[in-house]
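Following: one structure in structure tokens, then a few remarks.
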Amino acid sequence: MGNSFLKAPAFPHRRAGFTILEVTIALAILIILGMIVAQATVWSLRERARLVSHQAATELAANVLEEARAQPWDKLDAKWADGRTVPSEMAELLPAGKIIVKLEPATNSRRVTVEVRWQLEQEQSVSLTTLLSAREAKKTGGTP
């Protein structure tokens, strides 16, 4: 009945620590995880840039529609529409950006469509439409 703690180990020549195979497997796992994180980061940055550009294009189209609303009815024409350009402040957010404004007559109104196009990895676009009418009704006849 001796002390069981004093027995010699079954494999006395084996040292404690990691083998080369274990270290290689651990490094391979770390490299794979690093690649996954890097790919997710790149995807996230691209998606963020796409969303920021989309938001800027939507705001620009809305601003052009507001500008159309502010125009006098007789000045809202093709010349005005052709004069719309992407502001220099937005050139970085909307690379190769351009604004296309279409004015279409409708009954007692005009349909104004603003399309903003830009190029990221592929062509992107945003389109907004509104109907505008003259602010004052034409007077007919005599006094009321």
Side-chain angles (χ1 to χ4, degrees), residues 4-5 7-144:
S4 63
F5 292 112
K7 288 185 180 178
F11 300 105
H13 62 280
R14 185 170 180 162
R15 294 184 291 155
F18 295 108
T19 64
I20 293 177
L21 180 62
E22 291 170 329
V23 170
T24 304
I25 291 171
L27 284 175
I29 291 171
L30 285 174
I31 289 171
I32 290 170
L33 288 175
M35 289 173 55
I36 291 170
V37 167
Q39 286 177 343
T41 301
V42 167
W43 175 82
S44 175
L45 290 173
R46 281 185 185 160
E47 187 65 15
R48 184 176 189 283
R50 187 187 69 77
L51 290 173
V52 166
S53 292
H54 190 271
Q55 181 180 4
T58 303
E59 288 179 12
L60 179 58
N63 288 343
V64 172
L65 288 179
E66 285 295 322
E67 193 176 339
R69 283 185 192 100
Q71 286 296 314
W73 183 251
D74 57 339
K75 302 275 188 197
L76 192 59
D77 55 11
K79 182 180 177 185
W80 175 86
D82 292 340
R84 305 305 98 209
T85 59
V86 175
S88 59
E89 308 87 54
M90 290 191 159
E92 188 176 324
L93 293 174
L94 303 170
K98 62 182 175 177
I99 300 173
I100 300 166
V101 179
K102 295 178 188 172
L103 299 170
E104 302 169 36
T107 307
N108 298 327
S109 62
R110 289 189 185 132
R111 178 185 303 267
V112 181
T113 301
V114 177
E115 183 178 11
V116 178
R117 294 182 185 172
W118 71 100
Q119 186 76 34
L120 282 177
E121 292 164 3
Q122 57 186 339
E123 186 172 86
Q124 308 279 321
S125 69
V126 167
S127 181
L128 297 178
T129 303
T130 191
L131 285 173
L132 299 176
S133 59
R135 289 182 198 86
E136 295 179 14
K138 292 183 181 179
K139 295 180 182 178
T140 59
T143 59

Contacts of Gln39 that satisfy side-chain hydrogen bond (donor to acceptor under 3.5 Å, both in side chains) - sequence neighbours left out: none
Pairwise distance CH2(Trp118) to CD1(Ile99) - rounded to 0.5 angstrom: 11.5 Å
Kindly write out the residues that satisfy side-chain contact (heavy atoms from CB on, under 4.5 Å) with Leu132, not counting sequence neighbours, or none if the list is empty. Ala68, Arg69, Trp73, Leu76, Val112, Thr130
For Thr129, side-chain hydrogen bond (donor to acceptor under 3.5 Å, both in side chains) partners two or more places apart: Thr113
So side-chain hydrogen bond (donor to acceptor under 3.5 Å, both in side chains) across residues 40-52, not counting sequence neighbours, yields Arg46-Glu121, Glu47-Arg50
Heavy-atom side-chain proximity of Ile100 to Ser125 below 4.5 angstrom: no
Any pair with a residue in residues 79-88 that passes side-chain hydrogen bond (donor to acceptor under 3.5 Å, both in side chains), sequence neighbours left out, goes on the list, sorted by first then second residue, please. Glu67-Arg84
Residues forming a side-chain contact (heavy atoms from CB on, under 4.5 Å) with Leu27, sequence neighbours excluded: Val23
Is there a side-chain contact (heavy atoms from CB on, under 4.5 Å) between Glu22 and Thr19 once you walk through the steps? CA-CA 5 Å; Glu22 291 170 329; Thr19 64; 3.3 Å; yes
Could you tell me which residues satisfy side-chain contact (heavy atoms from CB on, under 4.5 Å) with Thr58, sequence neighbours excluded, listed by chain and number? His54, Val126
With sequence neighbours left out, what residues match Pro72 under side-chain contact (heavy atoms from CB on, under 4.5 Å)? Asp74, Lys75
Do Ser53 and Leu94 pass the side-chain contact (heavy atoms from CB on, under 4.5 Å) test, and can you show the C-alpha distance, the side-chain angles, and the key distance before you say yes or no? CA-CA 6 Å; Ser53 292; Leu94 303 170; 4.3 Å; yes
Minimal heavy-atom distance between Pro95 and Leu120, with the atoms involved, is CG-CD2, 4.0 Å
For the student: nearest non-hydrogen atoms of Leu131 and Ser109, plus distance: CD2-OG, 4.1 Å
With sequence neighbours excluded, what pairs up with Glu59 under the side-chain hydrogen bond (donor to acceptor under 3.5 Å, both in side chains) test? Gln55
Identify the two heavy atoms, one from Ala96 and one from Gln119, that lie closest to each other, and give their separation to 0.1 Å. CB-CB, 4.0 Å
How long is the gap from CD1 on Ile31 to CD1 on Ile36, to the nearest 0.5 Å? 12.5 Å
Salt bridge (charged side-chain N to carboxylate O under 4.0 Å, His left out) contacts touching residues 102-115 (sequence neighbours left out): Glu115-Arg117
Looking only at heavy atoms, which two atoms of Ala81 and Leu103 are closest? And how far apart? CB-CD1, 4.1 Å
